Amino acid sequence: MISVSLPLTTRRQDLLARLAEPHQYDVAVIGGGATGLGVALDAAARGFSVVLVESHDFAKGTSSRATKLVHGGVRYLAQGNVSLVREALHERTRLLHNAPHLAHPLPFVMPSYKLWETPFYGAGLVIYDVLAGQAGLGKTEFLSAARTLRHLPTVQPQGLKGGVKYWDGQFDDARLALALARTAAREGALLVNYCAATELIHEDGKVAGLRCQDRETARLYTLRAGCVINAAGVWVDELRQQDGEAIGRTTKPMVAPSQGVHMVVDRAFLPGEHALLVPRTTDGRVLFAVPWLGKVILGTTDTPRHDLAREPEPFRQEVEFILREAARYLSRAPTRADVKSIWVGLRPLVKPPDDDGDNTKGLSREHTVLVSRSGLVTVTGGKWTTYRAMAEDVLGKCFDASLLTRKAPGVTANLLLVGGEGMAGARRPTISDPPGLHAYGSEQEAVLSLPGAQAPLGGGLSEAMVRFAARHEYARTVEDVLARRSRLLFLDARLAGTLADAVGAILAQETEVDPQVSAFMQLARHYLHLPD
């Protein structure tokens with residue numbers, strides 16, 4: 001008989017009951033992606049009362065659609081952005097320490113097909129090592145052609161001159177978002193997904209809170225807070241516009257969305273323990289081939305996009321670009337028929353005030369924090385690796401603007417996230433691990449104590465894992481489970497579709513609401529569709 005202390009529950013009725021209670025919060029956060037969750041955790045860990053609302057599921061947007069890399073940004077170094085690279089390298093080490101069950105070091109190899117490429121790129125990566133200092137994960141190595149082929153056995157051998165090996169990190173983005181949410185809840189924060197902020201509350205020209213609506217019941221809630229933080233990612237301008245209208249000011253958009261496309265194929269296209277990086281393709285972009293959870297991710301693109309679709313579709317030229325460039329560097333060229341899943345994320349790049357152009361590749365990946373005349377705090381831009389530093393910056397701006405009545409030092413630099421406790425010396429996940437229990441870290445025993453622990457559904461998912469998602473991880477729909485608690489939709493959309501009915505039946509028992517099976521089946525088809 002297993003005896004285990006289960007974690008905090010996330011029963012919907014309990015969350016909504018707390019949301020309905022009259023309370024003056026110190027901090028209200030709008031947006032449940034990497035940035036908003038990081039801010040909620042930072043503020044709660046400092047002892048502030050915190051509420052966060054998210055219109056969809058946590059990490060539903062950009063924050064579940066990254067390239068899964070915890071990295072300093074080799075290409076940002078090429079752009080001369082040394083400060084961003086240095087910060088990201090040090091935050092990379094903190095993330096690997098604080099989420100040992102979800103992040104691990106990953107070796108990369110840049111193959112060289114011209115004699116100058118190995119010394120040229122190698123020199124830049126040595127600088128990368130120097131900037132990392134004690135936070136480095138491994139030393140850059142110059143490789144012969146033979147060693148390059150040993151590390152990348154399916155790389156194109158014809159014309160290969162050598163390569164360069166360097167180190168970065170890899171993680172599970174959606175599950176890290178859940179770990180942030182649950183850690184913030186452990187610290188006292190109230191977090192509610194599927195609860196959209198509908199309007200800001202202004203009093204005497206200042207933001208005093210917000211109104212939100214539960215998407216399941218349509219019930220409205222009023223939340224009062226001394227500090228309201230707009231962390232809605234690519235959607236921050238909608239709230240900024242509303243804020244500007246309330247105080248009679250014109251607000252110019254600050255986000256220039258950029259679309260990143262990723263395609264998933266079988267590990268046979270890149271077996272082994274190393275990722276492939278092409279720093280400069282035929283049109284100057286970067287190409288990754290990254291092993292992840294038993295598959296390989298190919299990408300990514302950087303294409304301007306002017307709409308803000310929740311499920312953006314890839315453009316035909318993006319699909320052609322990834323397949324064409326992958327064929328140049330892999331001995332077996334992936335085809336459209338080999339794609340197991342294709343997914344698109346919108347990056348919230350911050351444009352200069354006078355920039356109306358479409359060159360998103362030239363825009364900074366650094367984050368921006370603005371405090372409006374009414375006191376609305378907006379944060380956008382940045383990247384997953386620096387989420388924690390971004391949160392500290394946001395709280396710093398709140399102190400500077402006197403939106404919080406007391407100052408408190410940050411404590412998240414070495415704060416282990418839920419699931420990471422007691423993992424010292426334990427085996428980290430690796431790129432060879434298929435989806436499964438490793439993502440729960442120290443909570444594996446809690447999952448195994450639930451009904452259905454010995455009832456596998458497929459794709460590394462069990463009945464107990466679905467029940468755990470509903471009881472302890474805020475899951476409400478089949479999509480929540482198969483896209484973000486498990487990553488199966490992102491790995492194999494067709495297989496995910498076959499599990500929808502079984503997952504839906506379990507969720508219906510747990511939540512007593514519609515698990516939205518048919519909507520998920522339509523979404524799974526979307527993740528299989530490549531534009532002609």
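No experiment lies behind these values; they were computed from the predicted model shown.
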Point to revise | Stacked cation flag Lys68 on Trp343, 6.0 angstrom / 45 deg | key: yes
**Prompt:** Between Thr154 and Phe269, is there a donor-acceptor pair closer than 3.5 Å when you use the side chain of the first and the backbone of the second?
**Reply:** yes
* **Cation-pi geometry met for Arg285 and Phe321 (6.0 Å, 45°)** => yes
Donor-acceptor under 3.5 Å (Glu325 side chain, Val286 main chain): no
Pair Arg215 + Glu54: basic N to acidic O under 4.0 Å:
no
Nearest heavy-atom contact between Pro348 and Gly233 is CB-C, 3.8 Å
Tell me whether the guanidinium CZ or amine NZ of Arg485 lies under 6.0 angstrom from the six-membered ring centre of Tyr474 and within 45° of its axis.
no
When every non-hydrogen atom of Ala45 is compared with those of Thr412, the smallest separation belongs to CB-CG2, 4.4 Å
inquiry  = Asp338 vs Asp266, test: side chain to side chain contact (heavy atoms under 4.5 Å, CB included). Steps then yes/no.
reply    = CA-CA 8 Å; Asp338 295 312; Asp266 281 333; over 6 Å; no
* Whether Lys165 side chain and Thr148 backbone form a donor-acceptor pair below 3.5 Å -> no
Closest non-hydrogen contact found for Leu403 with Gly375 is CD1-O, 3.5 Å
Is a side-chain donor or acceptor of Arg373 paired with a backbone partner of Gly244 at a separation under 3.5 angstrom? no
Asp129 side chain to Gly136 backbone, donor-acceptor under 3.5 Å: no
Lys340 and Leu491 have their tightest heavy-atom pair at CB-O, 3.3 Å
(request) List the steps, then state whether side chain to side chain donor-acceptor pair (under 3.5 Å) holds for Thr380 with Arg240. (result) CA-CA 12 Å; Thr380 193; Arg240 292 180 65 244; over 6 Å; no
### Message
Under 6.0 Å from the ring centre and within 45 degrees of the ring axis: does the NZ or CZ of Arg487 meet both conditions for the six-membered ring of Phe490?
### Response
yes
| message | Just so I know, are the side chains of Phe520 and Thr477 near enough to count as touching, which here means a heavy-atom distance under 4.5 Å? | response | no
Quick one, Tyr527 with Glu311, criterion side chain to side chain donor-acceptor pair (under 3.5 Å). Give me CA distance, side-chain angles, the key distance, then yes/no. CA-CA 10 Å; Tyr527 275 60; Glu311 287 291 346; 3.3 Å; yes
Heavy atoms of Val109 and His274 approach each other most closely as CG2-CD2, 3.8 Å
### Task
On the 0 to 90° scale, with breaks at 30° and 60°, tag the Phe108-Phe288 ring pair as parallel, tilted or perpendicular.
perpendicular
Hey, is the main chain of Leu488 close enough, under 3.5 Å, to the side chain of Ser486 for a donor-acceptor pair? yes
task: Could you check Ser442 against His101 for side chain to side chain donor-acceptor pair (under 3.5 Å), going step by step and ending with a plain yes or no?
output: CA-CA 8 Å; Ser442 61; His101 56 310; over 6 Å; no
Centre of Trp167's six-membered ring, under 6.0 Å away, within 45 degrees of the axis: is that where NZ or CZ of Arg92 sits?
no
Notebook entry, point to check: So, Arg347 side chain and Gly381 main chain: donor-acceptor pair closer than 3.5 Å or not?
Noted result: no
Of all heavy-atom pairs linking Asp243 and Ser374, the shortest is OD1-OG, 2.5 Å
Taking the basic N atoms (NZ, or NE/NH1/NH2) and the acidic carboxylate oxygens, is any pair closer than 4.0 Å for Glu473 and Arg484?
no
Q) Would Asp26 and Ser49 satisfy side chain to side chain donor-acceptor pair (under 3.5 Å), going step by step from the backbone distance to the final call? A) CA-CA 5 Å; Asp26 295 317; Ser49 59; 3.2 Å; yes
